[in-house]
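Below you'll find the structure, written out as structure tokens, and then a few comments.
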Amino acid sequence: MGQLEGKVAVVTGAASGIGKATAALMAAEGARVLAADINEQELAGVVSAINAAGAEASACHVDITDEAQVATMIHAAVTRYGRLDILHSNAHTGQDDDINVVSNSRDVWDRVLAGTLYGVVYGCKYGVPAMLATGGGSIINMSSNAYLGGDVVRVAYAAAKSAVNAVTQYTATAFGKQGIRCNAIAPGVLVTPPVLKLFRPGVQEIIAEHVLAPRMGEPEDGARLAVFLASDAASFINGQIISCDGGLNAHLGAVPELLRLMTSA
Ligand SMILES: NC(=O)c1ccc[n+]([C@@H]2O[C@H](COP(=O)([O-])OP(=O)(O)OC[C@H]3O[C@@H](n4cnc5c(N)ncnc54)[C@H](O)[C@@H]3O)[C@@H](O)[C@H]2O)c1
């Protein structure tokens, strides 16, 4: 018996990376999964692979920046599968011109907030009532460890993820007594297509040095945490922002340099 047997899940951003791994693992754990993405071609392949493995999933085209489309996606899950127990708001649209507070135009801020924050907001807005109709459910928003400290790029992304954390805690607070759990996953670096694009020579080695594990993070690390948060095993976990970073942000910044000095002495 799978951890999510009998449950219905919606996963956004299911055509790639963490969302793809999560849709597959949730289905393998017994959930009926509405896999949603803006990229219909890639999504079709993901759904076919899940079905070929004997699990239940179907595809839903969605642009998470469009409130009406998110409402339609939630409605599609309930119409197709009869209920909604799990919503993983994972999709986001990256913006290459999101740099710092001086260089970012208002247009950059608007695009980043739409692609990173508003999809999560719309998910909660339409997901909560759908879940309340059958006594509650689990919402898992996708945050990022970017909120933990400053970086030289992606100020709007980090601000939007901080807002995702606030929306997560406020949703848990407003609806927890009615059976809604709302948590967020904050990945450090999980190797997915957009992360691979950032790996110029040397970058991966620097990150690997700071990860407190003998390997890099993978999309499946995020998927396993999402399945746990979706499952009844997490029934007393609510309003939490949970890192999935292999300890990347759990140590003092200078530790790798200090270790090098100590071992070379
Ligand atoms: N991979 C990491 O290391 C990492 C780190 C921190 C946070 N995250 C977060 O994890 C989530 C997934 O990241 P990933 O690395 O798997 O990315 P990815 O690019 O591999 O997957 C993102 C998916 O979202 C879809 N998408 C983009 N815009 C959309 C829209 N408007 N509507 C619907 N779907 C849309 C894309 O088509 C794609 O399939 C994101 O929220 C990201 O911010 C990832």
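When reading the values below, keep in mind they use all heavy atoms of this one structure, side chains included, and skip hydrogens, waters and symmetry mates. Just so you know, residue 1 is the first one in the sequence shown, and it goes up from there.
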Correct closest heavy-atom pair for C124 and C182 would be SG-SG, 4.4 Å
Of V11, L4, L34, which meets side chain to side chain contact (heavy atoms under 4.5 Å, CB included) against I86?
L4
Side chain to side chain contact (heavy atoms under 4.5 Å, CB included), that's the test. Do V128 and T171 meet it? Break it down for me.
CA-CA 9 Å; V128 167; T171 302; 3.9 Å; yes
The reported gap from NE2 in H88 to CE in M142 (rounded to nearest 0.5 angstrom) is 4.0 Å
Could you walk me through whether Q69 and M73 pass the side chain to side chain contact (heavy atoms under 4.5 Å, CB included) test, one step at a time?
CA-CA 6 Å; Q69 292 191 36; M73 172 187 76; over 6 Å; no
Find out whether V33 and I50 are in side-chain contact, i.e. whether some heavy atom of one side chain is under 4.5 Å from a heavy atom of the other.
no
Y170 atom OH, neighbour heavy-atom count above 12 within 6.0 Å:
no
Answer yes or no: are there more than 12 heavy-atom neighbours, outside R215 itself, under 6.0 Å from its atom CZ?
yes
Indicate whether any N or O donor in one side chain lies under 3.5 Å from an N or O acceptor in the other, for D98 and N104.
yes
Without placing hydrogens or testing angles, list every side-chain donor-acceptor pair under 3.5 Å for residues 129-141, not counting sequence neighbours.
residue : atom : partner : partner atom : Å
T134    : OG1  : M131    : O            : 3.4
S138    : OG   : L229    : O            : 3.0
N141    : ND2  : T168    : OG1          : 3.0

Please name the pair of heavy atoms, one in A146 and one in A158, separated by the smallest distance, quoted to 0.1 Å.
O-CB, 3.7 Å
Are side-chain heavy atoms of L117 and V167 found at a separation under 4.5 Å?
yes
Verify the cluster assignment for V195 and V211: are they in a single hydrophobic cluster under the rule of side-chain heavy atoms below 4.5 Å apart?
yes
Salt bridge or not between R154 and D151? Use side-chain N to carboxylate O under 4.0 Å.
no
Apart from L252 itself, what residues make up its hydrophobic cluster when side-chain heavy atoms of I, L, V, M, F, W and Y under 4.5 Å apart count as a link, directly or indirectly?
V255, L259
So, taking the atom named NZ in K177 and the one named CG in N238, what distance separates them when rounded to the nearest 0.5 Å?
10.5 Å
Pairs in or reaching into residues 117-132: which pass side chain to side chain donor-acceptor pair (under 3.5 Å), with residues at least two apart or in two chains?
E67-K125, E67-Y126
Quick one: do K20 and D37 make a salt bridge, cutoff under 4.0 Å?
no
Where A77 and L84 come nearest, the two heavy atoms and their spacing:
CB-CD1, 4.4 Å
Nearest 0.5 Å please: distance from the CG atom of D110 over to the CZ atom of R106.
4.5 Å
To check you understand the geometry: which heavy-atom pair defines the closest contact between V47 and A35, and what is its length?
CG2-CB, 4.0 Å
Out of L225, T192, I185, which residue meets the side chain to side chain contact (heavy atoms under 4.5 Å, CB included) rule with I18?
T192
Quick check on E205: does its CD atom have over 12 non-hydrogen neighbours (other residues, nucleotides or ligands) under 6.0 Å away?
yes
Report yes or no: does E5 contribute a side-chain atom to a donor-acceptor pair with the main-chain N or O of G2 at less than 3.5 Å?
yes
Q3 vs V227 side-chain heavy atoms within contact, under 4.5 Å:
yes
Quick one about D107 and S105 (side-chain donor to acceptor, distance below 3.5 Å, no hydrogens or angles considered), yes or no?
no
If you measure from NE2 on H61 to CD1 on I38, what distance do you get to the nearest 0.5 Å?
5.0 Å
Give a yes or no on whether a salt bridge exists between K197 and D96, defined as a side-chain N under 4.0 angstrom from a carboxylate O.
no
Given the rule in the side chain to side chain contact (heavy atoms under 4.5 Å, CB included) test, do V189 and D245 qualify, once you have shown the distances and angles that lead to the verdict?
CA-CA 6 Å; V189 178; D245 71 349; over 6 Å; no
If you group Ile, Leu, Val, Met, Phe, Trp and Tyr by side-chain heavy-atom gaps below 4.5 Å, do W109 and Y157 land in one group?
no
Will you find, in the side chains of N145 and S243, an N or O donor that is under 3.5 Å from an N or O acceptor?
yes
Carboxylate-amine/guanidinium proximity below 4.0 Å for D85 and R32:
no
Shortest non-hydrogen pair, M26 vs A226, comes out as CE-O, 3.9 Å
With heavy-atom distances below 4.5 Å as the criterion, would you say the side chains of T22 and N90 are in contact?
no
Do any N or O atoms from the side chain of D232 and from the backbone of S235 form a donor-acceptor pair under 3.5 angstrom?
no
Give a yes or no on whether V203 and L196 share a hydrophobic cluster (residues Ile, Leu, Val, Met, Phe, Trp, Tyr; joining criterion: side-chain heavy atoms under 4.5 Å apart).
yes
Joint cluster assignment, I64 & V112, ILVMFWY side-chain distance < 4.5 Å
no
Could you tell me whether the side chain of L248 reaches within less than 4.5 Å of the side chain of L212, counting heavy atoms only?
no
Got a second to check how far I241's CD1 is from Y147's OH, nearest 0.5 Å?
6.0 Å
May I ask you to test the I237-N183 pair for a side-chain heavy-atom distance under 4.5 Å?
yes
With rounding to the nearest 0.5 angstrom, report the CD1 to CE distance, I207 to M216.
5.0 Å
A quick test of your reading: do over 12 heavy atoms of other residues, nucleotides or ligands sit less than 6.0 Å from NE2 of H251?
yes
Do the non-hydrogen side-chain atoms of D66 and V70 ever get within less than 4.5 Å of each other?
no
Of all heavy-atom pairs linking A14 and A23, the shortest is CB-CB, 4.1 Å
No-hydrogen, no-angle side-chain donor-acceptor test under 3.5 Å, S58 and R80
yes
Quick one, F175 and R181 - any side-chain contact, counting heavy atoms below 4.5 Å?
no
Would you say the side-chain atoms of T116 pair up with the backbone N or O of L113, donor to acceptor, closer than 3.5 Å?
no
